[in-house]
Amino acid sequence: MGNMGNILLLAAEAVHSEMAEGSAEGGFGLNLDILETNLINLVILIGILFYFGRKVLTNILTERRSGIESVIQDAEGRLREAQTSLAKAQGQLTQAQQEAQRITQVAEQNAQAAKEAILAKANLDVERLKETAASDLNAELEKAISQLRQKVVLQALQKVEGRLKGGISADAQQILIDRSIAQLGGEI
């Protein structure tokens, strides 16, 4: 780029000096003298500029194009990486959602099983309590019946004792003896 700038500077000075010479003569005019106007020098200079400038300009444009292509390829590579990362993240999200669904189903099943187990245990406890209550009630009933029997027997004994003290008639004694023997299985 430095050589190109020097060449352009020289060309500009040459054109400027030509214009200054033309205006010094009293106005703007066209000088057709090839040697005096340095037209050959200008043509050579423009040819050199074109020959060397084309290579420099071509190199600059080629470098710029390769730089742009490199940036585009880099951007495309990052795009592919981003798309790959996105696809991977979406796959992981899908897996996480499926796992969450599975965990929810397992939790619901466990909750249902726990509920059924608790209900079954509660039913067993209720049955056991009913049985315990029934056996306690039966025991209390038996105890009450036993106490009632004892009272009845005691009262009967007291009554019999009272009668025995008052005396038993001979006929009643005979009937009582006969009944006792009959109950024992004997005959009269």
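None of the values given here were measured: they were computed from a predicted structure. Side chains included, hydrogens not; waters and symmetry mates left out as well; all remaining heavy atoms used.
Side-chain contact check for Gln174 and Asp178: at least one donor-acceptor pair (N or O, by modelled atom type) lies under 3.5 Å. Looking only at atom types and distance, the side chain of Gln112 has a donor-acceptor partner in the side chain of Glu116 under 3.5 Å away.
How far CD of Gln92 is from OG of Ser85: 9.5 Å, rounded to the nearest 0.5 Å. Atom CD of residue Gln147 and atom CG of residue Leu154 lie 12.5 Å apart, to the nearest 0.5 angstrom. The structure places CG of Leu61 at 9.5 Å from CD1 of Ile68, a figure rounded to the nearest 0.5 Å. Here the CG atom belonging to Leu157 is positioned 12.0 Å from the NZ atom belonging to Lys159, to the nearest 0.5 angstrom. We find the OG1-CG distance between Thr84 and Leu79 to be 9.0 Å, quoted to the nearest 0.5 Å. Rounding to the nearest 0.5 angstrom, the gap separating the CG atom in Leu93 from the CG atom in Leu86 is 10.5 Å.
Residues Ile103 and Val106 do not share a hydrophobic cluster, defined by chaining ILVMFWY side chains whose heavy atoms lie under 4.5 Å apart. Ile44 and Phe52 fall within a single hydrophobic cluster, where Ile, Leu, Val, Met, Phe, Trp and Tyr side chains are chained together by heavy-atom contacts under 4.5 Å.
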Distance-only donor-acceptor pairs under 3.5 Å for side chains of residues 130-137, two or more places apart:
from   : atom 1 : to     : atom 2 : distance (Å)
Thr132 : OG1    : Arg128 : O      : 2.8
Ser135 : OG     : Glu131 : O      : 3.3
Ser135 : OG     : Thr132 : O      : 2.9

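Side-chain atoms of Arg102 and Glu99, non-hydrogen and from C-beta on, do get closer than 4.5 Å to each other.
In this structure, the side chain of Thr104 engages the main chain of Ala100 through a donor-acceptor pair within 3.5 Å.
Of the candidates Gln150, Lys143, Arg149, Gln150 is the only one forming a side chain to side chain contact (heavy atoms under 4.5 Å, CB included) with Ser146.
Salt-bridge annotation for Arg78 and Glu81: absent, with no side-chain N of the basic residue lying under 4.0 Å from a carboxylate O of the acidic one.
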